[in-house]
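Report on the structure given below.
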Number of protein chains: 2
Amino acid sequence: MTSTKTPHPSRKSARSGSSQIDVARLAGVSQAAVSRAFTPGASVSDETRAKVMAAVDELGYRPNVIARSLVQKSTNIIGLVLRRFTTPFYAHMLQKFTRALQERGYWTLIFNIEQGDELDNALPAALQYQVDGLIITSATLSSHQADEFARAETPVVLFNRYVSDGHTHLVSCDHYEGGRMAADALLDTGHQRLAYIAGEEESSTNRDREIGFLGRLKERGYELALRESAGDYSYKKGYAAAQRLLERASPPDAVFCADDVIAMATMDFARYKLNLNIPEDLSVVGFDDIPSAARPNYELTTVRQPFNRLVDSTIDVLVEAIGAPGASVIEKKVSPSLTWRQSVRKND
Amino acid sequence: MTSTKTPHPSRKSARSGSSQIDVARLAGVSQAAVSRAFTPGASVSDETRAKVMAAVDELGYRPNVIARSLVQKSTNIIGLVLRRFTTPFYAHMLQKFTRALQERGYWTLIFNIEQGDELDNALPAALQYQVDGLIITSATLSSHQADEFARAETPVVLFNRYVSDGHTHLVSCDHYEGGRMAADALLDTGHQRLAYIAGEEESSTNRDREIGFLGRLKERGYELALRESAGDYSYKKGYAAAQRLLERASPPDAVFCADDVIAMATMDFARYKLNLNIPEDLSVVGFDDIPSAARPNYELTTVRQPFNRLVDSTIDVLVEAIGAPGASVIEKKVSPSLTWRQSVRKND
DNA sequence: TAGACGCATGAATACGTATTCAATTCTACA
DNA sequence: TGTAGAATTGAATACGTATTCATGCGTCTA
């Protein structure tokens, strides 16, 4: 045997500090022992564990989660696909998601898909990063895309979309039912000339809310008097849509807005540009019940999406799917409720 | 023996689809060839690359980034430590950060540190996940913590903190200068009785803004008449602070608020509860220039933090530090500017 | 006291990739 | 046509960890 054994003087490992091998050497044990000292259920004597931990402290060793992920085939990372960061509803969602996931031992990897085609970019990336699961908001999967995740056995939950393809888990607020609630709220209080301001036309949430609203109107023998579209869920677009709507010859006496931000914009335009009083001259109903809807200058009556329940359910579904791969598809629909405040006139 | 040896017929790799070895086998080449086919600069003939890609398509193979990260010692993941998700300023920051990082080929791993001690949780996790770099907002590193990152050669940039310890990169808006601008704005327009409403007392941004404001007042022979503290940057706390401030016996004629949200709350309280006119009866200056500050019902005059420049600079610094480890510490201060709107009375 | 059994341990291996190294083929030029 | 040099290739190795397997040891029971 030609000894020499590739000397490689003090290589000291380039970047990630020290490894379990370094710790093992210093502690006078095997690398396996070091690994076991960090593995909860493993079989290690208190003595070697103590030796290991002493060496760990001396070297400032930290486990390399990437290496662990490679062998365990689990990263403890959840991918979160998101498109509307600055909208209050989604900002709160993001906050809740990251917090709740952390409490369950997961970290959140963000995929921003605001630009047009970025979903096609994000999904492969999520797969390549071996995320343990994926939450998709404001987007839908093609069946081909769903297949790819199925093949990788990576569970996906669609958040606030309801396009039952029988392939992807779904957790959504019942926007359709929410639209119906808005209709009832306005009809029960005696309004006659109803309008709807749409948000993003392509989004299924917007569509479901509108369908529910119109359907309920028809059921009760009414029909929609006026319709405007903001185009997206921004304040600015909402404000412009409100202007187009309210400056018509015969304006509505009540308007249901696709979300709270549009509703707030509508109230602002009505009050500051038209000097209308709310709710005396115009009733407004929103959707979401974001925190600012409760501000004293809005006091918005709105359809409440049950925030925490939506997020918790989504994570429940995802975690369960991670634990039991191949189980059947879960579809959960969460009911909204109506939060009564001061933006609807009661003139029965 | 009773056991049937648990045959495990076609193991087929449990989770992550197929590997380069599978591709190699199918294409009739070596695993190294497959790797090279995916490595931009590598030496592969067009012929083998074609064979590889054909096999890739057939198997639906995707590179495992985790494995790659292990050998390359680089994950292309940036950690982002964040505390205030729902505050408009930080919601926009998050949006910009994820977008800009993606454009440079990085993905964002979120560390939510809203609970008290979670920074101590997040930092080790970031190190264990081998992030290529870390951006920390609304928090500061202890020198011990900074040392840990230095040892791991993981660059850290503190965002909007200015605590020069000579150890961590820093990118910040000049909040001190911003406070001075607010003072000048109010004094130049002839206000006499000035007040300040603080945000989160412990935050360095709040402190710097106040020190700048007070310092400039003193320089010009004035002093602060009244001070209130919201306690944090929420609308609710701001509203309550405004109430305490404005219901005093001799209220101010102008108030500088630690951020736009507090300023908006102040305006709302003044108008809806006290029937004051703004700016005739009370002038208000905010800080940040978030989009909603421009809404027609606020038209808030405010100190603008140069949003895009802050984010871009932060990423520039981080990327440069990743490319040149061991280089000297970078500290970049970005100047704010004043956005004039309608919430300040001009009575010179 | 012998045997059975559980616990601790280290050597070896696997995870999926990039990269070094040596060997081979190809190209071009004289 | 021969050869230097470039281009291509596969075998081997490394990255840092978890885990299997066989072994050694001590303890308990009969």
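Proteins get letters first, then strands, A, B, ... in listed order; numbering begins at 1 in each.
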Next on the checklist: Please report the end-to-end axis angle for the helix from C/dT1-D/dA30 to C/dA30-D/dT1, five pairs per end, rounded to 10 degrees.
Outcome noted: 40°
Closest approach to the side chain of [X], judged atom by atom: which nucleotide of [options] is it?
X       : options                : answer
B/Ala67 : D/dA18, D/dC15, C/dT17 : C/dT17
A/Ile21 : D/dT9, C/dG10, D/dT17  : D/dT17
B/Arg68 : D/dC15, C/dA18, C/dG10 : C/dA18
B/Val71 : C/dT17, D/dG10, C/dG10 : C/dT17

Starting at [atom1] of [X] and ending at [atom2] of [N], how long is that distance when rounded to a whole Å?
X        : N      : atom1 : atom2 : result
B/Asn64  : D/dC15 : CG    : C1'   : 13 Å
B/Lys51  : D/dT9  : NZ    : P     : 8 Å
B/Glu47  : C/dT25 : CD    : C1'   : 12 Å
A/Arg49  : C/dC7  : CZ    : P     : 15 Å
A/Asp22  : D/dC15 : CG    : C1'   : 13 Å
B/Gln130 : C/dT17 : CD    : C1'   : 16 Å
A/Ile66  : D/dG16 : CD1   : C1'   : 11 Å
B/Leu70  : C/dT19 : CG    : P     : 12 Å

Next on the checklist: My understanding is that only residues two or more places apart in sequence, or in another chain, count here; which of them pass salt bridge (charged side-chain N to carboxylate O under 4.0 Å, His left out) with B/Arg104?
Outcome noted: B/Asp316
Item to check | Sequence-distant partners of A/Ser30, side-chain contact (heavy atoms from CB on, under 4.5 Å), two or more places apart | outcome: A/Ala32, A/Ala33
Any base atoms under 4.0 Å from [X], or only sugar-phosphate, or nothing? Heavy atoms, all strands.
X       : result
A/Val65 : nothing
B/Ser45 : sugar-phosphate
A/Thr48 : sugar-phosphate

Next on the checklist: For B/Glu320, I'd like to know if atom CD has over 12 heavy atoms of other residues, nucleotides or ligands within 6.0 Å.
Outcome noted: no
Checklist entry - If you count the non-hydrogen atoms of other residues, nucleotides and ligands that lie under 6.0 Å from NZ in A/Lys96, is the total more than 12? => result no
Item to check | Spacing of OG1 belonging to A/Thr140 relative to CD belonging to A/Glu202, to within rounding of 0.5 Å | outcome: 12.0 Å
Next on the checklist: Let me confirm one number: the CD-CG distance from A/Gln102 to B/Asn121, rounded to the nearest 0.5 Å.
Outcome noted: 7.5 Å
Checklist entry - Residues two or more places apart in sequence or in another chain: which of them pass ring pair (Phe, Tyr, Trp, His ring centres under 6.0 Å) with B/His92? => result B/Phe307
Hey, can you pull the donor-acceptor pairs under 3.5 Å for the side chains in residues 53-61 of chain A, sequence neighbours left out?
unit_1  : atom_1 : unit_2  : atom_2 : d
A/Tyr61 : OH     : A/Gln20 : NE2    : 3.4

When you check the phosphate oxygens OP1 and OP2 of [N], does a side-chain N or O of [X] lie under 4.0 Å from one of them?
X        : N      : answer
B/Lys73  : C/dA18 : no
B/Tyr129 : D/dG16 : no
A/Gln72  : C/dA14 : no

Checklist entry - Does the A/Thr168 side chain pair with the main chain of A/Val156, one donor and one acceptor, at a distance under 3.5 Å? => result no
Checklist entry - When you measure from the side chain of A/Asp132 to the backbone N and O of A/Ile78, does any donor-acceptor pair fall under 3.5 Å? => result no
Checklist outcome for this item: Between A/Gln31 and A/Ser43, the residue closer to the 5' end of DNA chain C by nearest nucleotide is A/Ser43
Checklist entry - Heavy atom of residues 33-41 of chain A under 4.0 Å from DNA chain D: which residues? => result A/Ser35, A/Arg36
